[in-house]
A.B. asks: 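I'd like to ask you about the structure that follows.
Because the structure is predicted, anything quoted here is derived from the model rather than measured.
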Amino acid sequence: MELELKDIQGYVIRGYKYMMYSRYVMLNVTEPTLAKKFLKNNVADITNVTHRPTTHCLNFAFTSPGLKALGLAQENLDNFTREFREGMTSEHRQRLLGDFDSSAPANWRWGGVNNEEVHILLMVFGANKEIALNYADQLKQQYIASGLKEVFSLDGQTLPYNKEHFGFRDGISQPTIKGSGRKGPPEHDINAGEFIMGYKNEYNVYPDTPILATLQGETTLLPFDASGSGKRDLGRNGTYMVMRQLQEDVDAYWNFINEQAKNEDGTVNVEASTKLAAQMVGRWPSGAPIVKHPDADPGRISDDDNFFYTDHDPDGLKCPFGAHLRRTNPRDNFEDNSVKESIRLTRRHRIMRRARLYGDPYEGSALNHSPDGEVGLMFTCFNADISRQFEFVQYTWANYPKFKQLYNDPDPICGVKENPLPGTEQNFTVPGKPVNKYVTGLKKFVFTKGGAYFFFPSITTIKYLSTI
Amino acid sequence: MIHQNPLTLVTPVKNEEHDNLDALLTKIRNDIINGLPQQFENLNTIHYARWVLLEPKDADGKPQPDVGVRLVFSSDFDGDESQHLSDISTKCAQFFDDMYSHCEGYPAPDERTPESRKNYFSQWRVKSSAFFAGAPGRTLPQIIQENELRNHIWNFIKAGSWNNKSATEIHNAIKENVLATTGFEWATQSTKTPVIKWLGMAFLGIILLILLPFIIIWVLIINFFLEPKDETLGLTPSQVDEAHIKKLEEYEDLQNQNQFTQVLIMKPGQIRLITLKGLMLFAKALISYLFVNGKLMGIPTIHFARWVMIDNQKRMLFFSNFDGSWQQYLGDFIDKSGWGLTGIWSNTQKFPRTKFLFAAGAYDEEHFLAWSRYFQIPTAVWYCAYPHLSIKNIINNSYIRNELFKDLNEQQAQQFLNRF
């Protein structure tokens, strides 16, 4: 089935790879009428999937309190999924996502329990810094005049070769969406309903979608619900977007790794450090998958995504079972399922990732790991079912220490607890022959500084929201 | 081999004592991070326990006539039921007295003896229609012990230097070390764990083959005459009552394991009841012949599960204890055994629309997830003796114990070492 690409905001399908600079502005609605006018005035400039802009892009996202602030009736809001309505900061969700101690929502800079409410997210992209900021400034004059208060803003950039701050090439493996015009290998080519509402998902049913319960605004703008309820649908061609500001403690990360892999005389063993770091990630800094290059980084920048685990590495001797990559996308080696079954099941837990870096554009390594000030990434992902996709990946695959046959191994990159309960071990097991090696006492190197669940509507729905 | 067994008690709560009991359960729940009272822990036979308050109304809010609030206790314990009842009536009497003095008919303080308590509990016990244990044949002390053994060996391997040693040499070194360590004497004896009973499976196959024509007719009757009239819940997860879900989530994901309690209402008519009973028999047979090594219908995370009919077979309780989150658990159910799940649960009300008894139903993911939350009720108190162990860990630990004192060739020794 073909997707209605002109109605879908671009960022869910396209990564805006050539937009090297971005600014995310979180806004709070103080004057709903003016805010809606602001949306109306800018609807024509929203980047859809078919656009091929060379200079700048614009997308909008909304939180649940944001939809309410714009005036969406409670009955209509109630049809959005609970994860979205409840947000990222409830006690239960905190347990699922592992946001405790310094990552607790009480300590966040935005989206947290002590922060001013985020309502609308403005995502501005430019081919370079100047274009992005000029465009952002233009919009700023408008939104300030529309009573939209800036709660937080963060500039993002893309490092050369798409490295993140620890020094690894990021964002290589992505699902492709059936009907989007882009086609990947069959195991990564996923039914559109996993990422966009109004289409069938991997269970071959329509994902839960916010249908209009109470008529308000220009309802005729909205299409009817694809599953045939006869109601108008706010969700079609839209999706949910997860955003988390993740600080990376590059210095502590490499110090920890260097300490684990040091020479007998205590000096840094660059080769061993890099290898251990790569084993924890699942790829070398270049991006090359360690399951294909178990001994050393082949060096060239790699986008190699054509690899599997079951045939080449059933015992985890090349890529440890606990590696970030092998956990968060187990490919054909999901628990102890057959290859076919693994692929079928993994497809139900995919997310479309879009990360942008913030802070000093720094590429860490075993010998260079002192960026100037705080660095991190604005983790963003798209999914139609936050619970079955993002939260499942974060909890069941990353945080949960019993992954596969492991006992006490959280994801070494994004699943470690800062202050585990007394007596709780946090290890990373490197399968070996004849015996495994263990890195014990894992430390947390990635901290949550802010976050929220957003609705990333279709362009039609944004137009509609400006009429309510 | 000692068998694990389920006990379910369903006792009426004194009308005026409802609030007091509620308060007591809340207190126990808040204290449970430190375990249950020592006398309970000392029994050393109870793997899991839970208390649930059954309100006299169904999931849709309809009042249940002629009943009041009931207290449900369930335990997964080692050994036979009579001994278990005696144990809780004697060694753990104070704890149970405090709780059951809020229930109707519990012996008055001056009449409480081990016998009178046991008689009371026996009177209110309800048999399970089917019961699954993920690691059958392992007692609680054994599970704890075997994990200590695994931890000991893990530390030994981690501390050692094994350069140029073969797997068999390392295996032997571990053997010697364990032999030299006090406290692991028991480990030299291997443990018997149930194995798949192929004869039983063949027998089951033959019976099914003989019954096949009847089963086909039966399923056709259900498909053409019952299923079209079925009422479904029709809600998506976002439409289920918010407060209800919040209440359930309050007691979820506090550790790496979770509990699940459902109260289901049977669809009316004998055909549904007979279907369910037939499937329960089938499940029972599969559980004892085939699902003996940590997996229920392919799901590798369930420690214990049970199905219990109550109220003259009008309602069914389903309890389970599992590893991981609710989303993972229910997802596994759909992904691994959607047909089995549909066959059993679709005989209860408001299940998503089914075809030919086993098809559709749970595969309608959104509606199924909403349905399972709708009929789930909060567990008041949940106790687990080993929250730090997954069922996969427990099974692996038994393999470690059994392989430790065997003579292994190089390849087998390597497999043994891979377990750590």
A.B. asks: Is any side-chain heavy atom of B:T301 less than 4.5 Å from a side-chain heavy atom of A:K402?
C.D. replies: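 They are not in contact (no side-chain heavy atoms under 4.5 Å apart), so the answer is no.
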A.B. asks: Output the distance between atom NE2 (B:H367) and atom CG (A:D208), rounded to the nearest 0.5 Å.
C.D. replies: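 Answer for the NE2-CG pair, B:H367 versus A:D208, is 8.0 Å.
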A.B. asks: Which answer fits B:Q239, side chain, backbone, both or neither, if we ask what part of it has an atom under 4.5 Å from a heavy atom of chain A?
C.D. replies: side chain
A.B. asks: Looking only at heavy atoms, what is the nearest atom pair of A:L406 and B:N393, with distance?
C.D. replies: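 Scanning both residues, the minimum pair turns out to be O-ND2, 3.3 Å.
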A.B. asks: Select, from A:Y206, A:F392, A:Y395, the one with the greatest count of heavy-atom pairs under 4.5 Å involving chain B.
C.D. replies: A:Y395
A.B. asks: Rounded to the nearest 0.5 Å, what separates atom CD in A:E425 from atom CG in B:N151?
C.D. replies: 7.0 Å
A.B. asks: Any side-chain heavy atom of B:W154 sitting closer than 4.5 Å to one from A:N427?
C.D. replies: yes
A.B. asks: So which part of B:E169 gets closer than 4.5 Å to some heavy atom of chain A, the side chain, the backbone, both or neither?
C.D. replies: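 Interface part for B:E169: neither.
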A.B. asks: Taking everything shown except A:K417 itself, do over 12 heavy atoms lie less than 6.0 Å from its NZ?
C.D. replies: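 No, the 6.0 Å shell around NZ holds no more than 12 heavy atoms from other groups.
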A.B. asks: Side chains of A:E86 and B:E249, heavy atoms from C-beta outward: is any pair under 4.5 Å?
C.D. replies: yes
A.B. asks: Contact between B:N396 and A:Q405 at the side-chain level, heavy atoms closer than 4.5 Å - yes or no?
C.D. replies: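 No; the side chains remain at least 4.5 Å from each other.
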A.B. asks: Flag the one option from B:I157, B:I245, B:V240 with the top tally of heavy-atom pairs under 4.5 Å to chain A.
C.D. replies: B:I245
A.B. asks: Would you say that A:N201 contacts B:E365 through its side chain, given a criterion of any heavy-atom pair below 4.5 Å between the two side chains?
C.D. replies: yes
A.B. asks: Evaluate side-chain contact (heavy atoms from CB on, under 4.5 Å) for A:Y400 paired with B:D323, printing each intermediate quantity in order.
C.D. replies: CA-CA 10 Å; A:Y400 182 64; B:D323 297 318; 3.1 Å; yes
A.B. asks: Among A:E335, A:E91, A:H92, who wins on heavy-atom pairs under 4.5 Å with chain B?
C.D. replies: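 Heavy-atom pairs under 4.5 Å are most numerous for A:H92.
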A.B. asks: Using non-hydrogen atoms and a 4.5 Å limit, figure out which bit of B:L254 sits close to chain A: side chain, backbone, both or neither.
C.D. replies: both
A.B. asks: Around atom NZ of A:K231, are there more than 12 heavy atoms of other residues, nucleotides or ligands at under 6.0 Å?
C.D. replies: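 Not more than 12 within 6.0 Å, no.
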A.B. asks: Assess whether atom OH of B:Y399 is packed by more than 12 heavy atoms of other residues, nucleotides or ligands within 6.0 Å.
C.D. replies: no
A.B. asks: Do other residues, nucleotides or ligands put more than 12 heavy atoms under 6.0 Å from A:N419 CG?
C.D. replies: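 More than 12 heavy atoms, drawn from other residues, nucleotides or ligands, come within 6.0 Å of this atom.
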A.B. asks: I need the residue from A:V205, A:T81, A:V435 with the largest number of non-hydrogen atom pairs under 4.5 Å to chain B.
C.D. replies: A:V435
A.B. asks: Measure the spacing between OG1 of B:T236 and CD1 of A:I211 and express it to the nearest 0.5 Å.
C.D. replies: 7.5 Å
A.B. asks: Drop me the distance from A:T440's OG1 to B:N155's CG, to the nearest 0.5 angstrom.
C.D. replies: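 The OG1 atom of A:T440 sits 9.5 Å away from the CG atom of B:N155.
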A.B. asks: Against chain A, label B:H388 side chain, backbone, both or neither, depending on which of its atoms sit under 4.5 Å from a heavy atom there.
C.D. replies: backbone
A.B. asks: Atom CD in B:Q327, atom CD1 in A:I386: separation rounded to 0.5 Å?
C.D. replies: 11.5 Å
A.B. asks: To the nearest 0.5 Å, how far apart are CZ in A:R82 and NZ in B:K246?
C.D. replies: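 Rounded to the nearest 0.5 Å, the CZ-NZ separation comes out at 7.0 Å.
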A.B. asks: Tell me which of these, A:G316, A:P431, A:P401, has more heavy-atom pairs under 4.5 Å with chain B than the rest.
C.D. replies: A:P401
A.B. asks: Which atoms of A:K437 are under 4.5 Å from chain B, going by heavy atoms: the side chain, the backbone, both sets, or neither?
C.D. replies: neither
A.B. asks: Are more than 12 heavy atoms from other residues, nucleotides or ligands located less than 6.0 Å from atom NE2 of A:H312?
C.D. replies: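 No - once you tally the heavy atoms of other residues, nucleotides and ligands closer than 6.0 Å, there are 12 at most.
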A.B. asks: Please name the pair of heavy atoms, one in B:D335 and one in A:E341, separated by the smallest distance, quoted to 0.1 Å.
C.D. replies: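 Looks like O-OE2, 4.0 Å.
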A.B. asks: Heavy-atom distance under 4.5 Å to chain A: side chain of B:Y363, backbone, both or neither?
C.D. replies: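 Answer is backbone: N, CA, C or O of B:Y363 sit under 4.5 Å from chain A.
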A.B. asks: Looking only at side chains, do B:N147 and A:Y407 share a donor and an acceptor under 3.5 Å apart?
C.D. replies: no
A.B. asks: With a sphere of 6.0 Å drawn around CD of A:Q74, does it hold more than 12 non-hydrogen atoms of other residues, nucleotides or ligands?
C.D. replies: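 Yes.
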A.B. asks: So which of B:S325, B:S166, B:G331 has the biggest tally of heavy-atom pairs under 4.5 Å with chain A?
C.D. replies: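 Option with the greatest count: B:S325.
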A.B. asks: Under 4.5 Å, counting heavy-atom pairs only, tell me which of B:E410, B:E250, B:E242, B:R419 racks up the most with chain A.
C.D. replies: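 Greatest number of close heavy-atom pairs with chain A: B:E242.
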A.B. asks: Where is the tightest heavy-atom contact between A:N337 and B:K336, given as atom of each residue plus distance?
C.D. replies: OD1-CE, 3.3 Å
A.B. asks: Quick one: what part of A:N79 sits under 4.5 Å from any heavy atom of chain B, side chain, backbone, both or neither?
C.D. replies: both
A.B. asks: Against chain A, work out which of B:I170, B:N256, B:L417 has the most heavy-atom pairs shorter than 4.5 Å and name it.
C.D. replies: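 It is B:N256.
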A.B. asks: Would you mind telling me which of A:T429, A:D336, A:D315, A:D385 has the largest number of heavy-atom pairs within less than 4.5 Å of chain B?
C.D. replies: A:D336
A.B. asks: Between B:S238 and A:R85, is any pair of side-chain heavy atoms under 4.5 Å apart?
C.D. replies: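 The answer is yes; the side chains approach within 4.5 Å.
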A.B. asks: If you count the non-hydrogen atoms of other residues, nucleotides and ligands that lie under 6.0 Å from CG in A:N263, is the total more than 12?
C.D. replies: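 Yes.
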A.B. asks: Heavy-atom cut-off 4.5 Å, strictly under: side chain, backbone, both or neither for A:T424 against chain B?
C.D. replies: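 Neither part.
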A.B. asks: Please classify the contact of B:Q415 with chain A as side chain, backbone, both or neither, using a heavy-atom distance under 4.5 Å.
C.D. replies: neither
